[in-house]
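Please read the structure below before turning to the comments.
For clarity, every value in this text was computed on a predicted model and none was experimentally measured. Keep in mind that the numbers below use all heavy atoms, side chains included, and drop hydrogens, waters and symmetry copies. Just so it is clear: chains get the letters A, B, ... in the order the sequence lines come, proteins before strands, and each one is counted from 1.
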Amino acid sequence: MPMDLFLDFENRIKNALQNIGIEAETSTDKALLNRISAEPPRDPSHGEIATNAALVLAKPLAAKPRDIAVRLALELEADADIVAVEVAGPGFINLRLSDACWARVLAGILASGETYGHQPATGAAPVNVEFVSANPTGPMHVGHCRGAVVGDAIANLLVATGTPVTREYYINDAGAQIEALTQSALLRYREALGEAVGDIPSGLYPGDYLRPVGEALKAEFGDALLAMSEKEMLSTVRERTIDAMMVMIRDDLARLNIRHDVFSSERALTAGGLDRIAEAIAALSEKELIYEGKLPPPKGKPPEDWEDREQTLFKSSQFGDDMDRPLLKSDGSYTYFASDIAYHYDKFLRGFTRMIDVLGADHAGYAKRMKAAVTAISGGEAELEVQFCQLVKLFRGGEPVRMSKRSGELVTLREVVDEVGANAVRFMMLYRKADAPLDFDFQAVTEQSKDNPVFYVQYAHARTESVRRQASADVPQIDLAASALGQADLAGLRDEGERMLVRQMADWPRTLDAAARSREPHRVAFYLNDLASTFHAHWNRGKELPQLRFIKPDQLETSRVRLALVTAIGIVLRSGLSVLGVDAPREMR
RNA sequence: GGCCCCGUAGCUCAGCUGGAUAGAGCAUCGGCCUUCUAAGCCGAAUGUCGCAGGUUCGAAUCCUGCCGGGGUCGCCA
């Protein structure tokens with residue numbers, strides 16, 4: 001049986017339709033067939049799988065939905081795995097599956113192990129997922145943290161569903177902010193040499209993290225930098241400082257268990273005799289997408305310093321953007337957009353035709369032009385998708401945590417991870433739709449209680465392990481290897497709580513698939529919380545009803561089946577947690 | 001003013017890309033739990049799905065128009 005039970009039955013339903021003479025011939029027919037679903041109904045009284053086939057087909061067949069449903073139901077009854085078929089409501093067909101069928105689901109989980117629900121690699125070209133891309137002007141702060149975790153989780157989702165991924169970080173190591181950084185580092189260098197530099201001037205970076213950079217420059221060069229030409233000195237300081245910042249950022253990311261495959265440098269786009277930006281503009285120019293023209297001033301509030309002038313524009317409006325966008329600043333240098341076009345062009349030249357950028361919500365207005373640029377410069381061969389992350393608000397015990405940007409005292413990512421751990425950070429960042437604002441409470445995420453989903457899910461996993469440890473002591477005759485447990489009489493799960501757990505686990509492959517398609521890792525987090533909740537509830541029932549406990553030393557066969565169930569739950573929890581990048585602990589300590 | 005996102009229980013949010021009677025956790029209320037499988041359990045109550053139209057057998061979900069909140073709007077990155 002395929003891993004996805006529901007997909008399996010969707011296909012059986014389509015086969016049944018063929019058998020009763022309903023087939024897709026035209027493409028519109030096929031589109032129609034795609035609307036047919038086999039899903040777990042919300043209401044358990046509606047069976048275990050429900051299909052809308054008859055409702056979807058009623059109109060094109062000019063028949064009453066219930067008539068089609070009755071014919072289809074009759075055909076489905078022939079399936080040995082289906083023990084009950086019911087036509088209900090306006091024309092839904094509700095199916096109940098045999099115990100043997102559910103037993104096979106459980107056996108399938110035990111056989112596939114932690115890759116249960118995952119899909120084999122398709123062999124397609126990798127998708128480029130760009131995320132974080134924080135400016136290398138200082139340590140990462142919490143604002144970067146969400147994009148980092150979400151981007152990594154989206155990449156994990158794609159890999160888990162068979163799409164190879166390249167994780168990429170774009171280093172914005174050019175521009176005015178980098179010059180400010182360089183000047184700041186230079187001051188710290190002088191400071192290290194014993195000069196009294198006083199306060200760091202406004203506009204520069206006052207953070208202490210540049211002091212070690214100054215010290216390192218002193219250690220490497222002594223005071224020799226001061227004897228260099230201004231250009232040479234600045235270039236050296238810039239180089240060393242950016243490298244130091246990136247070491248720091250990589251280390252911050254590593255603390256969150258995030259590793260990029262590729263780090264691309266903005267400066268490298270126009271270095272060593274190369275000028276990707278000029279190339280990109282030339283490529284667009286060749287397609288007649290560049291022109292000199294004027295843009296209308298923004299409506300509503302006209303800026304005081306608006307200067308109506310001709311500029312070099314890219315016709316992004318031809319590709320869905322709201323207006324054309326400038327590529328050159330008034331001083332003749334490239335805009336950020338121009339170099340970003342070049343960067344995406346570079347990705348295309350490296351062979352990527354599918355790209356995903358994970359950006360902060362403040363860049364929302366940027367998506368259209370960038371997508372337009374990718375479509376234009378690749379001649380429609382490449383496609384960019386943009387995913388957004390909203391802000392994170394920090395709390396401590398319900399009280400907002402103040403962050404003063406002015407003094408440079410942002411809460412750093414490192415501080416957060418050091419305080420609550422990577423697991424809590426990752427899980428909580430994914431426990432909300434990325435596009436919705438998120439409240440993060442330092443206190444709440446470390447609480448060991450049901451109210452803390454991180455703990456709740458991890459604890460569920462620890463409990464599965466604890467049962468297995470207990471079993472090896474109480475019923476040593478039972479082989480706890482998944483392969484051995486898969487041989488148990490898995491149809492012997494009679495209790496409704498047990499069966500619910502199996503049904504819920506059957507839903508994991510389609511949950512994972514849906515999460516990947518929609519780029520919504522939070523669905524995985526919610527799924528895991530639900531599964532943990534069902535498991536904990538079942539566990540608690542064992543307090544009242546000892547006959548429901550997993551280990552019954554006097555009933556070895558029952559114990560075997562239940563240990564198979566518990567082991568499967570552990571597998572599914574690990575399968576899901578691995579996608580989130582959260583540990584599945586064997587015990588809570 | 002243009003564009004993007006958001007609006008669901010008192011609060012924080014889900015809602016499986018159009019399915020059947022809209023869910024969970026807090027908070028509230030009621031009961032249980034003091035050795036059992038540590039980090040409590042069970043149950044109850046709670047809705048104009050922002051508003052108004054439209055498409056559909058069927059809409060919280062798709063379309064249009066409003067209302068309200070946030071973001072953004074050439075020479076920042």
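Ionic pairing of Asp67(A) and Arg71(A) is not present here: no N-O contact between side-chain nitrogen and carboxylate oxygen is shorter than 4.0 angstrom. At a threshold of 4.0 Å, the pair Lys347(A)-Asp357(A) counts as salt-bridged, since one of the basic side-chain nitrogens sits closer than that to a carboxylate oxygen.
Side-chain atoms of Asp173(A) and base atoms of rA77(B) include no donor and acceptor less than 3.5 Å apart.
Remark: the separation of the P atoms in rG18(B) and rU61(B) is 11 Å, to the nearest Å. The gap from the C1' atom of rC5(B) to that of rC41(B) amounts to 41 Å, rounded to the nearest Å. Atom C1' of rA59(B) sits at a distance of 11 Å from the matching atom of rG54(B), rounded to the whole Å. Nucleotides rC26(B) and rA20(B) have their C1' atoms positioned 30 Å apart, rounded to a whole Å. Comparing rG69(B) with rU28(B), their C1' atoms are spaced 28 Å from each other, to the whole Å. With both ends at atom P, the span from rG7(B) to rU46(B) equals 24 Å, rounded to whole Å. Comparing the same atom, C1', in rC33(B) and in rC42(B) gives a spacing of 10 Å after rounding to whole Å. Across the C1' atoms, rA27(B) and rG65(B) are found 38 Å apart, a figure rounded to whole Å.
Taking every side-chain heavy atom of His522(A) into account, rG15(B) is the closest of rA77(B), rG15(B), rC4(B). Minimum atom distance to the side chain of Lys329(A) is reached by rA77(B), of the listed rA20(B), rA77(B), rU12(B). Comparing rA20(B), rA14(B), rG58(B) by their closest approach to the side chain of Arg35(A) singles out rG58(B). When distances run from any side-chain atom of Asp362(A) to the nucleotides rA20(B), rA39(B), rG71(B), the shortest one goes to rG71(B). Checking rU17(B), rC41(B), rU12(B) against the side-chain heavy atoms of Arg432(A) singles out rU12(B) as nearest. For Leu55(A), counting side-chain heavy atoms from C-beta on, the closest listed nucleotide (rA39(B), rC57(B), rC41(B)) is rC57(B). Nearest to the side chain of Asp43(A), among rA39(B), rU21(B), rG58(B), sits rU21(B). Comparing rA14(B), rG15(B), rA20(B) by their closest approach to the side chain of Arg523(A) singles out rG15(B). Taking the side chain of Glu39(A) as heavy atoms from C-beta on, and the options rC26(B), rU17(B), rG74(B), the nearest nucleotide is rU17(B). The side chain of Gln311(A) approaches rG74(B) more closely than any other nucleotide in the set rG19(B), rC4(B), rG74(B).
Remark: the Asp507(A) side chain and the Tyr527(A) side chain contain no N/O donor-acceptor pair separated by less than 3.5 Å. Using a 3.5 Å distance cut-off with no hydrogens or angles, the side chains of Asp530(A) and Gln504(A) do not pair a donor with an acceptor.
Stacking between Phe455(A) and the base of rA39(B) is absent under the criterion of ring centres within 5.5 Å and planes under 30 degrees.
Base-pair partner of rC36(B): not found among the strands shown (Watson-Crick or G-U wobble, both distances under 3.5 Å). Base pairing of rG1(B): its partner is rC73(B), meeting the Watson-Crick or G-U wobble criterion (both donor-acceptor distances under 3.5 Å). For rA22(B), there is no paired nucleotide, since no Watson-Crick or G-U wobble pair has both relevant distances below 3.5 Å. Nucleotide rA59(B) forms no Watson-Crick or G-U wobble pair with any nucleotide shown, as no partner meets the under 3.5 Å limit on both distances. rG47(B) is unpaired under the criterion used here, namely a Watson-Crick or G-U wobble arrangement in which both key atom distances are under 3.5 Å.
Arg309(A) comes within 4.0 angstrom of a base, heavy atoms only. Within 4.0 Å of Phe388(A), counting heavy atoms only, lies no atom of the nucleic acid at all. Contacts of Tyr431(A) with the nucleic acid, taken as non-hydrogen atoms under 4.0 Å apart, are absent. Among the atoms of the strands shown, none is found under 4.0 Å from any heavy atom of Ala515(A). When heavy atoms are screened at a 4.0 angstrom cut-off, Ala361(A) is found touching the sugar-phosphate backbone but no base atom. Here Asp324(A) lies out of heavy-atom contact (under 4.0 Å) with every strand. Ala367(A) comes within 4.0 angstrom of nothing in the nucleic acid, heavy atoms only. At a threshold of 4.0 angstrom between heavy atoms, the contacts of Arg325(A) with the nucleic acid are absent. Using a 4.0 Å heavy-atom criterion, one finds that Ser449(A) contacts the sugar-phosphate atoms exclusively. Heavy atoms of Asn135(A) sit under 4.0 angstrom from primed sugar atoms or phosphate atoms, though from no base atom. Among the protein residues, Tyr336(A) comes within range of the nucleic acid bases, having at least one heavy atom under 4.0 Å from a base atom. As judged by a 4.0 angstrom heavy-atom cut-off over every strand, Pro65(A) is placed among residues making no nucleic acid contact. Residue Pro546(A) is out of contact with every strand shown, counting any heavy-atom pair closer than 4.0 Å.
The side-chain hydrogen bond (donor to acceptor under 3.5 Å, both in side chains) test with His536(A) is passed by exactly one of Lys450(A), Arg463(A), Arg541(A): Arg463(A).
The side-chain tip of Arg510(A) points at the ring of Phe6(A) from less than 6.0 angstrom away and within 45° of straight on.
Close to rG15(B), at under 4.0 Å from its OP1 or OP2, lies a side-chain N or O of Lys433(A). The phosphate of rA39(B) (OP1 or OP2) has a side-chain N or O of Tyr459(A) nearer than 4.0 angstrom.
The interatomic distance linking Ile93(A) (CD1) with rA20(B) (C1') rounds to 14 Å, in whole Å. Taking atom OH on Tyr343(A) and atom C1' on rA77(B), their separation rounds to 14 Å, with Å as the unit.
Syn is the glycosidic conformation of rU17(B), whose angle stays within 90° of 0.
Comparing Ala176(A) and Asp435(A), the nucleotide of RNA chain B nearest to each residue sits closer to the 5' end for Asp435(A).
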side-chain hydrogen bond (donor to acceptor under 3.5 Å, both in side chains) between Glu266(A) and Ser339(A), intermediate numbers included: CA-CA 7 Å; Glu266(A) 182 179 359; Ser339(A) 69; 3.0 Å; yes

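The minimum heavy-atom distance linking Arg549(A) with Lys552(A) is given by the pair O-CD, 3.6 Å.
Side-chain atoms of Tyr345(A) do not come within 3.5 Å of backbone N or O of Ile281(A) as any donor-acceptor pair.
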